[in-house]
**Student:** 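Mind looking over this structure? Questions follow.
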Amino acid sequence: MGKASFLEQARALRRESNIEGASARRLERSKRLSALLNRAMETVFFRHRLEQAGVAYEAVSQGQTTGEAQALEIFSKLTPIGKQEIRSRFPEGVLTQDTQDGRTYRSTSGTSGERLTVVKNFSRREAGRASALHVFEVATGRSLGASITDIPPNVCNSVCGLDGPPETSVLRHIRKGLRNGSWRSEKFQSDLNGLFERRLMFKQDILPPLDARSAPDLSKQMEETWGLIENGRPYLLRAFPQYLLWLSEFKAQRSVESHYLKHVMPYGGLACDSLLSRVRRALGVETRNMYGTSELGSVAVSCNDHRAMHIIESFFEVEIFRDGSIVQDGQIGQVVITDLTNSAMPLIRYKVGDIGRILPGACGCGRDTKRLEILGRVQETLVRGNRWVTASEIGDIAYSDRGVSNFRLDQISTNHFELQIVPSFFGVSPDVDSIRSRMEDLLSVGGTEPTKITLRILPFIQPEPNGKYLTCRLRPSAWVQ
Ligand SMILES: [Zn+2]
């Protein structure tokens, strides 16, 4: 465990995701969980959490004696923690002892400026590559060698859920390793695997983000971007959801040839159904959903056009919490994740900042892992009376109208909102009054006062500093807790 290469680990993930692999998966999970808790005992922050949960840790921390059953019991008592708490204890409080395991530091790009630095060692990076490969296999049914094109929202930040060393060539890396004698080290191997992954395994092209300031300007960018996509002839296109929509609209209008493209994957798992179905129709492709963050890597992936995604259970424990307790399958709550593979900086019952639910029932594909549906970010989820209104519900209304290229709902006061709509860049007019009245109905639920929405039609919406777009900009008092 931990020493296996990413290819071996990816093979194990494939076996363990099926019904026949269920017992192997359970065994692997409980071994990993107990190993993780034992490492976490090295950190002050975790010991503090145990204390708060009323667990006497002295007994279990002696000589790493935590057994698997005991680990599960301890785990079930822990209260979920957020970015803020981890950040306030970083680095001394949250890092395990460094045993020269090739640690790298990476900062996330929080939408609300909430950055978090995450530390990963080489075994975590190998696990990240294994889960990235597994996601690719489940999504496309293919393994090595397929070409991918990525259009991330921000060139400075690497793609959500992907991990890799800094840009350099494979040969230069090998030469350097031979010269300085580091080629035998695990870090060298891990870095080489990262290069291999990016350059040879996936044939990955990364294109610059799109910047929608005006229709003519965007048209020019679209032509360039489609030109680059045609050069790469990707089997899979991954991009920010709005980019996929704009590329679809452009293609529908210009009848761009893209028969090589089979699958399209929006980043982050946040794209709503109506947006995805427009993309499917316009591009003639299947969509695959994947959920990942830069601190956790790839966590879940869909096996077909559905939004619900199979969780990579061998690597992650995913739970849904509401009001401090785990909810039943099917109910909406905060997504809480434990990364079973990061022993450098244990993330245990970590509130990622997203809202979602576990879908009840089995999937027809033969995998029996839990399936996760992501419905929006915490800061975009609105409490209306006793109900949570998610970004996904709001997005579904706006994007079901073919005349909408982008939008945002801003909260002005408790019951007054401003709906900003960017009409289609390519000539279709939206029925804005219908969109407004459907949103008013959605927000007037749960015994609240009637909601008033003011409309504003804009030529474009300014992205957030990290290049992403928000569905709603709510007053913090209105978010879910
Ligand atoms: Zn499935």
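Whatever order the structure lists them in is the order used to number ligands and atoms, beginning at 1.
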**Student:** Between Asp339 and Arg124, does at least one N-O distance fall below 4.0 Å, as a salt bridge requires?
**Tutor:**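 Result for this pair is yes, salt bridge flagged.
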
**Student:** Within 45 degrees of the ring normal and closer than 6.0 Å to the centroid, is that where the cationic atom of Arg349 sits relative to Phe75?
**Tutor:**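 Flagged: Arg349 positioned over aromatic ring of Phe75.
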
**Student:** Knowing that exactly one of Arg14, Arg142, Arg11 qualifies, which makes a side chain to side chain donor-acceptor pair (under 3.5 Å) with Glu137?
**Tutor:**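 That would be Arg14; it is the only one of Arg14, Arg142, Arg11 passing the side chain to side chain donor-acceptor pair (under 3.5 Å) with Glu137.
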
**Student:** Give every protein N, O or S atom lying under 2.8 Å from the Zn ion (ligand 1), naming each by residue and atom.
**Tutor:**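 Less than 2.8 Å away from the Zn ion (ligand 1) sit Cys303 SG, His310 NE2, Cys363 SG, Cys365 SG.
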
**Student:** Please say whether the positively charged group of Arg238, taken as NZ for Lys or CZ for Arg, lies over the ring of Tyr267, i.e. under 6.0 angstrom from the six-membered ring centre and within 45 degrees of the axis.
**Tutor:**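 Arg238 over Tyr267 ring: no.
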
**Student:** Report yes if the side chains of Glu380 and Leu470 come closer than 4.5 Å at any heavy-atom pair, otherwise no.
**Tutor:**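 The answer is yes; the side chains approach within 4.5 Å.
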
**Student:** Quick one: does NZ or CZ of Arg322 land under 6.0 Å from the six-membered ring centre of Trp388, within 45 degrees of the ring axis?
**Tutor:**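 The answer is yes, since Arg322 meets both limits relative to Trp388.
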
